[in-house]
Amino acid sequence: MPTRRQFLAAVAATAASAAAASALDACGVPTGPSFAIVGPPQVKIPLMAVGQTVGVDNVGEGGVGMAVTRVSATSVVAVSRMCTHQACTIGLPGSPGGAMQCPCHGSLFTVQGGVVQGPAFAPLRTFTATIDSANNQVVITNA
Ligand code: FES
């Protein structure tokens, strides 16, 4: 039977292990700080031209906004503009299909949220986005 000291040491080790694990995602990649989602649960914006990216302000992670891109006639993507490195707000692409750059340390992301260049190594958070053709809108789930 363990002594009281051994029992407390085992409890402390388990708690430290659990705390360390919570800072990693399912793939073992460290996660950045998490921010609450700001804004209404559903956001609607006018449908843009194929290749165009539009910024939506005051929604998403910490209210920093989203970048919404129409990647084809029938498909749109919405990503957070919060950099996964140290949470700066990422710029919109300079041209259709261009990368989005973080002004703080230069990370580059695709409009789908993938990392092109570090120091960030985790992709941007994505949001569900669909085209509502009947109303010529993009509908984004802000959750
Ligand atoms: S905060 Fe974006 S690259 Fe550092």
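Each ligand, and each atom within it, is numbered from 1 in the order the structure gives.
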Looking at Val77, is its backbone amide N or carbonyl O close enough to the side chain of Gln112 to form a donor-acceptor pair, meaning the two atoms are under 3.5 Å apart? no

Could you please spell out the steps behind the disulfide bond (SG atoms under 2.5 Å apart) verdict for Cys88 and Cys102? CA-CA 7 Å; Cys88 289; Cys102 179; 4.6 Å; no

Only one of Met82, His85, Gln101, Met100 passes side-chain contact (heavy atoms from CB on, under 4.5 Å) with Ile90, and that residue is Met100

Can you count the protein N/O/S atoms lying under 2.8 Å from atom 2 (Fe) of ligand 1, leaving waters out? 2

Nearest 0.5 angstrom please: Met66 CE to Thr126 OG1, how far? 10.0 Å

Do side-chain atoms of Asn142 reach the backbone of Val38 as a donor and acceptor pair under 3.5 angstrom? yes

Does one hydrophobic cluster hold both Ile37 and Val56, with members joined at side-chain heavy-atom distances below 4.5 Å? yes

